[in-house]
Amino acid sequence: MRQIGFDKQLLRVFTFIVSLSVLVSLVALGSNWYLSGQQRALIQNNLPALSLARKISDESVFVAALAPSYRLFFREAGFLKFCLKSVVIGPNRKE
């Protein structure tokens, strides 16, 4: 078997490690480029949803302002009992 000098073997190991480092850095740069492009596309696709979410938020504030009056209506008028009777007995039947 042929004997290789220590410095040549060290140079081969060093070259191998450096080439692996370069390869890993290229893969990292490529994946970073791909993921940033995907994120940009995702943001562009979801821009219409942002305006819709803003509209829903505005409407929920309006509905929240009306909620206490509905609670008062259900409690005072007995509307829930009326609905239950009409479901159990039927709307046109007599008790």
Side-chain angles (χ1 to χ4, degrees):
M1 196 171 215
R2 195 173 137 219
Q3 193 134 14
I4 301 174
F6 178 74
D7 42 337
K8 285 188 178 183
Q9 191 173 2
L10 185 63
L11 184 62
R12 284 183 184 170
V13 169
F14 183 71
T15 305
F16 179 72
I17 291 173
V18 167
S19 62
L20 278 180
S21 299
V22 169
L23 181 67
V24 166
S25 64
L26 289 175
V27 168
L29 286 172
S31 65
N32 192 12
W33 175 75
Y34 173 76
L35 290 175
S36 65
Q38 290 296 320
Q39 182 186 19
R40 215 173 292 118
L42 183 66
I43 289 171
Q44 289 298 319
N45 289 341
N46 288 330
L47 281 178
L50 181 65
S51 65
L52 181 62
R54 188 172 291 125
K55 287 180 185 178
I56 290 172
S57 173
D58 293 342
E59 295 296 326
S60 68
V61 169
F62 177 70
V63 170
L66 293 177
S69 62
Y70 279 113
R71 189 179 325 134
L72 181 65
F73 173 73
F74 282 124
R75 189 182 310 143
E76 301 260 339
F79 186 70
L80 188 58
K81 286 183 181 179
F82 173 74
C83 289
L84 288 175
K85 279 184 182 178
S86 66
V87 168
V88 173
I89 298 172
N92 297 328
R93 294 185 183 173
K94 295 184 179 175
E95 291 183 19

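Computed over heavy atoms, backbone and side chain alike; hydrogens, waters and symmetry mates excluded. Predicted, not measured: the structure shown is a model, and the values here were computed from it.
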Does a side-chain heavy-atom distance below 4.5 Å link Gln38 with Tyr34?
yes

Quick one: does Asn32's side chain have a donor or acceptor within less than 3.5 Å of a partner on Ala28's backbone?
no

Tracing side-chain contacts under 4.5 Å among Ile, Leu, Val, Met, Phe, Trp and Tyr outward from Leu52 reaches Ile56

Going by side-chain contact (heavy atoms from CB on, under 4.5 Å), name the residues that satisfy it together with Arg40, two or more places apart in sequence or in a different chain.
Ser36

Could you measure the distance from the OG1 atom of Thr15 to the CG atom of Leu10? Nearest 0.5 Å is fine.
9.0 Å

Quick check: does any side chain N or O of Ser57 sit under 3.5 Å from a backbone N or O of Ala53, one acting as donor and the other as acceptor?
no

Are Leu11 and Asp7 close enough that some pair of their side-chain heavy atoms sits under 4.5 Å apart?
no

Could you state the interatomic distance from CG (Asn46) to CG (Leu42), rounded to the nearest 0.5 Å?
4.5 Å

Would you give the length of the straight line joining atom OG of Ser25 to atom CG of Leu23, rounded to the nearest 0.5 angstrom?
7.5 Å

